[in-house]
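Presented below is the structure to which this report refers.
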Amino acid sequence: MSADPFPAIIESEATGRVAEIFDDIRQVMGMPVINLVWRHFALNPDGLAWAWRTLRPHYESGAVEAEAAALVKEIEVETLPVMPQALLRSSGIDAEAERSLRVVLDTYDRGNAMNLVALATLFVDPETPPAPPGDPSARLQTVAGPAPTIPAMDGIPEDILPLVRSINTFGAGEHDHIMASIYRQFAHWPGYLSLSWMALAPMAQDGRLDAMIESTHRKGLARAARLVGSVEPAPASENTPVIREAAALFARYVIARLIPITAMLRRAMPAP
């Protein structure tokens, strides 16, 4: 387990049953990394197993991806200026780093949208009106290539760590102790971390980012409502309420926060 302020299992340290579930999550979701929410669930292996048994059929059937693709289409985000390639190069981002950043952004663009829709099925109010039907064949951007490592907080250089902590406060409210994994990965490229901070800070300061996050969360719940009841949940256990509570926390304050942020940053990358 990491010594970070918000506990989670480090992927490389997963063993036994947890490692097997992580491998299955990667394969079924088409992801090179395990998102923080699942690594947090893994602190309670029985809870992780219950959540994955319950949600796996939604992912495996393609229903989650279709609803997540519809969500990504309907969220409203600001349009950031496209970063010229010369800006990236002058900020220390060479061609290889640029490719790695695309993998990072594609990974979270895909994973967060799917996780919001799927996790919300664990706690969404049965009275929530479902979203209009989306295209059942719609799919998200695939992830091409391995993702860079997610460094532990104590592995981030001391001169970079304050910037990582600062950008993590954007849209996080009182839950900025939950460090979004994407910002840790950005720490591999301090120049890009700085560019991202500068792009997002004005929206965080004037409330536009909070409005995008709230709208994304609301629309994610409506997408999840379309899936509720389509799959029989795994038998409940004493771990179920804890996992549901954690799922609701992540959905609102981490995942819904990162969906619009990642979408904006991804669209601001220059064409490859």
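All values below come from the heavy atoms of this structure, side chains included, with hydrogens, waters and symmetry mates left out.
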Specify the closest pair of heavy atoms between [X] and [Y], including all atoms of both residues, with the distance to one decimal.
X: Ile156; Y: Pro151; value: CG1-CG, 4.1 Å
X: Trp189; Y: Pro148; value: CH2-CG, 3.6 Å
X: Gly171; Y: Asp210; value: CA-OD1, 3.5 Å
X: Leu71; Y: Ala113; value: CD2-O, 4.4 Å
X: Gly134; Y: Ala70; value: CA-CB, 4.3 Å
X: Arg223; Y: Pro133; value: NH1-C, 4.2 Å

Looking at [Y], is its backbone amide N or carbonyl O close enough to the side chain of [X] to form a donor-acceptor pair, meaning the two atoms are under 3.5 Å apart?
X: Arg39; Y: Ile10; answer: no
X: Glu65; Y: Leu140; answer: yes
X: Ser90; Y: Ala86; answer: yes
X: Ser61; Y: His58; answer: yes

What's the separation between atom [atom1] in [X] and atom [atom2] in [Y], rounded to the nearest 0.5 Å?
X: Ser91; Y: Leu193; atom1: OG; atom2: CG; answer: 11.5 Å
X: Leu105; Y: Arg102; atom1: CG; atom2: CZ; answer: 9.0 Å
X: Trp50; Y: Ile243; atom1: CH2; atom2: CD1; answer: 7.5 Å
X: Thr149; Y: His188; atom1: OG1; atom2: NE2; answer: 3.5 Å
X: Gln85; Y: Ile93; atom1: CD; atom2: CD1; answer: 11.5 Å
X: Ile261; Y: Ile182; atom1: CD1; atom2: CD1; answer: 8.5 Å

Report yes if the side chains of [X] and [Y] come closer than 4.5 Å at any heavy-atom pair, otherwise no.
X: Leu265; Y: Met269; value: no
X: Met83; Y: Glu98; value: no
X: Val164; Y: Met179; value: yes
X: Pro272; Y: Arg99; value: no
X: Tyr192; Y: Ser100; value: no
X: Thr79; Y: Arg267; value: no
X: Gln141; Y: Arg110; value: no
X: Ile178; Y: Leu249; value: yes

For this session: List in chain and number order the residues that pass side chain to side chain contact (heavy atoms under 4.5 Å, CB included) with Ala201, two or more places apart in sequence or in another chain; answer none if no residue qualifies.
Result: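 Scan of Ala201 (side chain to side chain contact (heavy atoms under 4.5 Å, CB included), adjacent residues dropped) gives Phe170, Trp197, Gln205.
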For this session: Starting from Val143, walk the hydrophobic network (Ile, Leu, Val, Met, Phe, Trp, Tyr; side-chain heavy atoms closer than 4.5 Å) and list everyone else you reach, by chain and number.
Result: Val103
Problem set entry | Tyr253: partners by ring-ring contact (aromatic ring centres under 6.0 Å, His included), with sequence neighbours left out |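 Once residues adjacent in sequence are excluded, the partners of Tyr253 under the ring-ring contact (aromatic ring centres under 6.0 Å, His included) criterion are His175.
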For this session: Can you sort out the partners of Phe250 under ring-ring contact (aromatic ring centres under 6.0 Å, His included), two or more places apart, ordered by chain and number?
Result: Phe6, His40
Report, one line per pair, each donor and acceptor closer than 3.5 Å where one atom sits in a side chain of residues 23-37; sequence neighbours left out.
{"residue": "Asp23", "atom": "OD1", "partner": "Arg26", "partner atom": "NH1", "Å": "2.6"}
{"residue": "Asp24", "atom": "OD1", "partner": "Arg56", "partner atom": "NH2", "Å": "3.1"}
{"residue": "Asp24", "atom": "OD2", "partner": "Trp52", "partner atom": "NE1", "Å": "2.8"}
{"residue": "Asp24", "atom": "OD2", "partner": "Arg56", "partner atom": "NE", "Å": "2.6"}
{"residue": "Asp24", "atom": "OD2", "partner": "Arg56", "partner atom": "NH2", "Å": "3.4"}
{"residue": "Arg26", "atom": "NE", "partner": "Glu11", "partner atom": "OE1", "Å": "3.2"}
{"residue": "Arg26", "atom": "NH2", "partner": "Glu11", "partner atom": "OE1", "Å": "2.8"}
{"residue": "Asn35", "atom": "OD1", "partner": "Asn115", "partner atom": "ND2", "Å": "2.9"}

Show which side-chain atoms of residues 119-128 pair as donor or acceptor with protein atoms under 3.5 Å away, not counting sequence neighbours.
{"residue": "Thr121", "atom": "OG1", "partner": "Ala118", "partner atom": "O", "Å": "2.5"}
{"residue": "Asp125", "atom": "OD1", "partner": "Glu127", "partner atom": "N", "Å": "2.8"}
{"residue": "Thr128", "atom": "OG1", "partner": "Asp125", "partner atom": "O", "Å": "2.9"}

For this session: Start with the C-alpha distance between Leu200 and Met203, add both sets of side-chain angles, then the distance that settles side-chain contact (heavy atoms from CB on, under 4.5 Å), and finish with yes or no.
Result: CA-CA 6 Å; Leu200 298 172; Met203 291 180 283; 4.0 Å; yes
Problem set entry | Full working for side-chain contact (heavy atoms from CB on, under 4.5 Å) between Glu214 and Arg252 | CA-CA 8 Å; Glu214 180 58 39; Arg252 173 61 183 83; 3.3 Å; yes
Exercise. Under a 4.5 Å side-chain heavy-atom rule over Ile, Leu, Val, Met, Phe, Trp and Tyr, are Leu43 and Phe22 clustered together?
Worked result: yes
Exercise. Do Leu163 and Leu88 share a hydrophobic cluster (ILVMFWY, side-chain heavy atoms under 4.5 Å, transitive)?
Worked result: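 Yes, it is one cluster - the side chains of Leu163 and Leu88 are joined through contacts under 4.5 Å.
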For this session: Take Arg257 and Asn168 through the side-chain contact (heavy atoms from CB on, under 4.5 Å) test and state the conclusion after the steps.
Result: CA-CA 10 Å; Arg257 167 167 53 117; Asn168 188 66; 3.3 Å; yes
Exercise. Checking side-chain contact (heavy atoms from CB on, under 4.5 Å) for the pair Ser196/Tyr183: CA distance, chi angles, key distance, verdict?
Worked result: CA-CA 10 Å; Ser196 299; Tyr183 297 137; 6.0 Å; no
